[in-house]
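Just below is one structure, and these are the notes that go with it.
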Amino acid sequence: MERPTPSAPVLVTGGTGTLGQAVVAELAARGLPARVMSRTAAPGVTGRVVGDLASGAGLDAAVAGVRAVIHCASDPRHAKQVDVDGTGLLLTALQRSAPEAHLVLVSIVGCDANPLGYYRRKHETELLVRGSPAPSTLVRATQFHELVATVSRVLTLGPLGLAVRGLRFQPCDPAWVAAHLVRVALGPPLPARLDLAGPEALSLAQALRLTARAAGHRAPRVVTVPGWGRVWRGFAAGSNLPGPDAVTGGSTYAAWLAHRD
Ligand SMILES: NC(=O)c1ccc[n+]([C@@H]2O[C@H](COP(=O)([O-])OP(=O)(O)OC[C@H]3O[C@@H](n4cnc5c(N)ncnc54)[C@H](OP(=O)(O)O)[C@@H]3O)[C@@H](O)[C@H]2O)c1
């Protein structure tokens, strides 16, 4: 087995997703070769391999000869199969074919502080990677601007908006996260987890108003309801907000709304 060279590609699992595409763009901007892995065809993407974390198909070919893996692939609906077990299969493939490759696992700020099923799986995946012999770094991010925009649209019905009391986000721009991921992947594993968050926190009610105005609509009148159940109470208590050690930056939600395509 050959040692990976600096010209060896960086594997981006889930390179067709929101974050993965930003990572691939960042690698291209730096003139670094990328290998994109997902289950489906991605027209126009060079260096693409088909791989399925649920079955393990294609993983050996995907990791062969890579210098690093930026692991963005995830499936909230099948998180046990894809995130937890699939990452286990990825670790096995790495051990077999590229044991020196630096694995950068993308996770979510506060995933260990909220009982949401997907978050529990994300934290399980973190523990799996941390307990493996693979050289690895764990990078958590807060909600992406895209997610806040989607949630805001769903919770706005014409002139009315619905918000959960106390729910706040400190959303971030995936392009900014991607720049950090690439920088981390090219270096040695970090000694501690890196948490990334956008520059400012905003309430769900503020997000609803900003989103509506950016789409050219009047800001909705927001009805606020209390959080119910452990998951929503966890969010309302700020489980998704970054701690004092988080690195903050990138565009604000308002700036992202104004400049997105
Ligand atoms: N969205 C957020 O607000 C947010 C915030 C913080 C952290 N994160 C984390 O960031 C990462 C990326 O999130 P995202 O929002 O960019 O995800 P996304 O847009 O939903 O993309 C998911 C990617 O995973 C791939 N994928 C799904 N199932 C797969 C399988 N069985 N085998 C191989 N690839 C598979 C998908 O490609 P195919 O469907 O083509 O296979 C797609 O490229 C995730 O780990 C997520 O937990 C997300």
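Whatever order the structure lists them in is the order used to number ligands and atoms, beginning at 1.
- Proximity to A54 (heavy-atom distance under 4.0 Å) selects the following atoms of ligand 1: 31 (N).
- Not a single protein heavy atom sits closer than 4.0 Å to atom 20 (O) of ligand 1.
- In summary, E124 and R120 do not engage in a salt bridge, as defined by a charged side-chain N under 4.0 Å from a carboxylate O.
- In the vicinity of I108, heavy-atom distances shorter than 4.0 Å reach the ligand 1 atoms 6 (C), 7 (C), 8 (N), 47 (O).
- Linking ILVMFWY residues whenever their side-chain heavy atoms come closer than 4.5 Å, directly or via other members, places V247 and L186 in the same cluster.
- With no hydrogens or angles considered, a side-chain donor-acceptor pair links S74 and D83 at under 3.5 Å.
- Side chains of R183 and H180: a donor on one and an acceptor on the other come within 3.5 Å.
- Side-chain contact check for E126 and S107: at least one donor-acceptor pair (N or O, by modelled atom type) lies under 3.5 Å.
- At least one heavy atom of C72 sits less than 4.0 Å from an atom of ligand 1.
- Listed by number with element, the atoms of ligand 1 under 4.0 angstrom from any heavy atom of T16 are 37 (O), 40 (O), 42 (C), 43 (O).
- Atoms of ligand 1 lying under 4.0 Å from any heavy atom of G51, numbered from 1 in the order shown and given with element: 32 (N), 33 (C).
- In terms of protein heavy atoms, atom 16 (O) of ligand 1 is closest to L19 N, 2.8 Å.
- Judged by distance alone, the side chains of H102 and T137 do bring a donor and an acceptor atom under 3.5 Å apart.
- Between T142 and ligand 1 there is a heavy-atom distance shorter than 4.0 Å.
- Taking every non-hydrogen atom of Q143 and a distance limit under 4.0 Å, the qualifying atoms of ligand 1 come out as 3 (O), 5 (C).
- By the definition of a contact as any protein heavy atom under 4.0 Å away, atom 41 (O) of ligand 1 is in contact.
- Under a 4.0 Å criterion applied to the non-hydrogen atoms of V106, ligand 1 contributes the atoms 9 (C), 10 (O), 11 (C), 45 (O).
- R121 has no carboxylate O lying under 4.0 Å from a charged side-chain N of D85, or vice versa, which leaves the two without a salt bridge.
- For ligand 1, the atoms closer than 4.0 angstrom to any heavy atom of L147 are 3 (O).
- Distances shorter than 4.0 angstrom occur between a heavy atom of S107 and an atom of ligand 1.
- Shown in contact with K122 at under 4.0 Å from a heavy atom are these atoms of ligand 1, numbered in order with element: 44 (C), 45 (O), 46 (C), 47 (O).
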